[in-house]
Amino acid sequence: MVKIAILEHEKETKEIVFLLAGFFNKIDWTFRHFYKASLLAKAMREEEYQIFFFDEMFQTPRLESVFVHDNPTALFVYLCQDPAHKQAIEQRRRVLYISKYNLKQDLIYIESQIKEQIMQKESYPLSFQGVKIDIPIEDIYYLEKVGKFVHFHTRKGEFQGRLYMADLEEEFAKYGFMRVHISYLINSKYLTGISKDEVELNHSMHVPLSRQQKKKLGLRVRKFEGANDTPARMARPTFKQSDTIIDQDEDGD
């Protein structure tokens with residue numbers, strides 16, 4: 001069951017839910033609408049959400065720490081007045097920005113990324129040291145080819161199997177994985193920086209980036225400071241100004 005949390009006005013929430021119903025017509029999913037960040041925080045003590053939709057006013061250092069940082073496998077979508085500007089400086093691929101005023105168009109535009117997030121709840125069966133294990137796709141940071149083996153670098157440790165990288169590249173493409181080097185396949189959700197010849201994952205791991213793949217993927221250099229580059233996917237036209245305000249909690253949530 002896919003669980004979605006929406007921290008927005010009722011009007012925008014209705015539009016989001018209507019469109020998601022079309023995206024997820026073959027999957028079990030549910031959503032909850034929240035007016036206050038504090039209510040969402042309380043709900044998260046009892047259930048886990050895979051996707052969050054927030055009004056941009058809730059993108060503060062304090063709330064990012066509570067929600068984005070503490071939910072490293074979740075996808076976050078902010079509804080903004082000027083998403084193009086924010087997406088241009090954002091490096092985390094799991095943090096997206098869409099326009100409040102072109103909501104339908106923008107949601108359709110990121111439909112594939114939303115579906116990639118949902119599919120990462122699946123597992124990959126691997127035989128490791130004579131034992132068959134299921135590795136959650138969302139737990140995999142990157143795959144590394146070493147000799148005849150492929151090493152799975154995950155949140156729960158490192159595993160390996162005698163596999164072909166080309167086959168894995170094809171199989172993992174639907175989950176949003178990218179081949180950044182002949183020997184490396186990364187989970188782009190964890191991308192947090194790009195340099196001339198390497199990429200950063202989860203603010204800590206560095207993986208080689210070949211010149212050929214960099215050009216093929218359309219990746220641009222981004223500082224390793226904690227926000228992801230989404231290869232030129234979120235350029236947007238101009239937007240109207242909003243006169244709508246969401247009331248914050250008394251404590252600033």
Side-chain angles (χ1 to χ4, degrees), residues 1-55 58 63 66-79 92-98 100 103-126 132-141 143 152 154-156 159 168 170-178 186-191 202 228 230 233-234:
M1 172 73 74
V2 176
K3 295 183 179 181
I4 299 170
I6 305 176
L7 187 58
E8 249 296 356
H9 289 293
E10 186 175 346
K11 175 182 178 296
E12 283 80 6
T13 296
K14 288 180 178 178
E15 292 184 61
I16 292 169
V17 171
F18 178 79
L19 288 165
L20 292 181
F23 295 171
F24 303 150
N25 59 350
K26 295 182 180 180
I27 357 182
D28 291 331
W29 69 287
T30 186
F31 77 94
R32 286 189 63 182
H33 173 228
F34 299 90
Y35 290 101
K36 294 183 177 182
S38 56
L39 296 178
L40 170 57
K42 291 176 182 177
M44 288 171 59
R45 297 171 187 168
E46 299 179 358
E47 57 185 353
E48 180 181 352
Y49 298 95
Q50 288 76 52
I51 301 177
F52 295 82
F53 286 88
F54 286 175
D55 184 274
F58 293 106
L63 294 184
V66 173
F67 297 113
V68 183
H69 180 271
D70 291 350
N71 294 274
T73 64
L75 178 70
F76 290 81
V77 182
Y78 287 99
L79 277 67
R92 297 164 296 182
R93 195 171 187 268
R94 68 187 187 94
V95 179
L96 304 174
Y97 303 86
I98 60 177
K100 294 183 179 184
L103 187 53
K104 179 178 180 180
Q105 174 187 337
D106 280 14
L107 266 179
I108 292 173
Y109 194 74
I110 64 171
E111 178 181 357
S112 62
Q113 288 165 278
I114 292 175
K115 288 182 175 178
E116 287 171 4
Q117 174 69 18
I118 298 306
M119 294 183 72
Q120 287 209 9
K121 299 303 293 181
E122 298 177 2
S123 297
Y124 181 81
L126 178 71
K132 290 185 177 181
I133 58 174
D134 290 324
I135 303 176
I137 302 297
E138 66 179 3
D139 283 351
I140 302 173
Y141 292 121
L143 309 181
F152 288 65
T154 80
R155 298 173 65 207
K156 297 179 180 178
F159 307 92
L168 293 171
E170 182 178 353
E171 184 170 357
F172 279 73
K174 62 186 177 183
Y175 302 117
F177 280 62
M178 299 191 304
I186 68 167
N187 187 342
S188 60
K189 179 169 68 174
Y190 294 113
L191 186 63
N202 204 38
N228 151 55
T230 314
R233 296 186 61 176
M234 292 300 293

Is it the case that the side chain of [X] and the backbone of [Y] share a donor-acceptor pair, with hydrogens and angles ignored and the cut-off at 3.5 Å?
X: Q117; Y: T73; result: yes
X: R94; Y: F76; result: no
X: N187; Y: I140; result: yes
X: E8; Y: T13; result: no

Q) With ring centroids as reference points, do F152 and Y124 lie under 6.0 angstrom apart? A) yes
Q. Under 6.0 Å between ring centres, would you say that holds for F54 and F67?
A. yes
Q. So how far is it from H33 NE2 to F53 CZ, rounded to the nearest 0.5 Å?
A. 12.5 Å
Please name the pair of heavy atoms, one in [X] and one in [Y], separated by the smallest distance, quoted to 0.1 Å.
X: A37; Y: L7; answer: N-CD1, 3.7 Å
X: M178; Y: S188; answer: CE-CB, 3.8 Å
X: R155; Y: E138; answer: CD-O, 4.2 Å
X: I133; Y: F159; answer: CD1-CD2, 3.5 Å
X: I4; Y: L20; answer: CD1-CD1, 3.6 Å
X: P72; Y: Y190; answer: O-CE2, 3.4 Å

Q: Could you walk me through whether D106 and L96 pass the side chain to side chain contact (heavy atoms under 4.5 Å, CB included) test, one step at a time?
A: CA-CA 10 Å; D106 280 14; L96 304 174; over 6 Å; no
Q. Looking at side-chain heavy atoms only, is the closest gap between I114 and L107 below 4.5 Å?
A. yes
Q: Side-chain contact test, heavy atoms from C-beta onward, threshold under 4.5 Å: evaluate it for Q120 versus E116 and give yes or no.
A: no
Q. Under 6.0 Å from the CG atom of D134, do we count more than 12 heavy atoms belonging to anything else shown?
A. yes
Q: Inspect the surroundings of CD in E170 and state if more than 12 heavy atoms from other residues, nucleotides or ligands are less than 6.0 Å away.
A: no
Q | K115, K121, E122 screened by side-chain hydrogen bond (donor to acceptor under 3.5 Å, both in side chains) with Y175, the one that passes | A | E122
Q. Knowing that exactly one of K11, K36, K100 qualifies, which makes a salt bridge (Lys or Arg N to Asp or Glu O under 4.0 Å) with D55?
A. K100
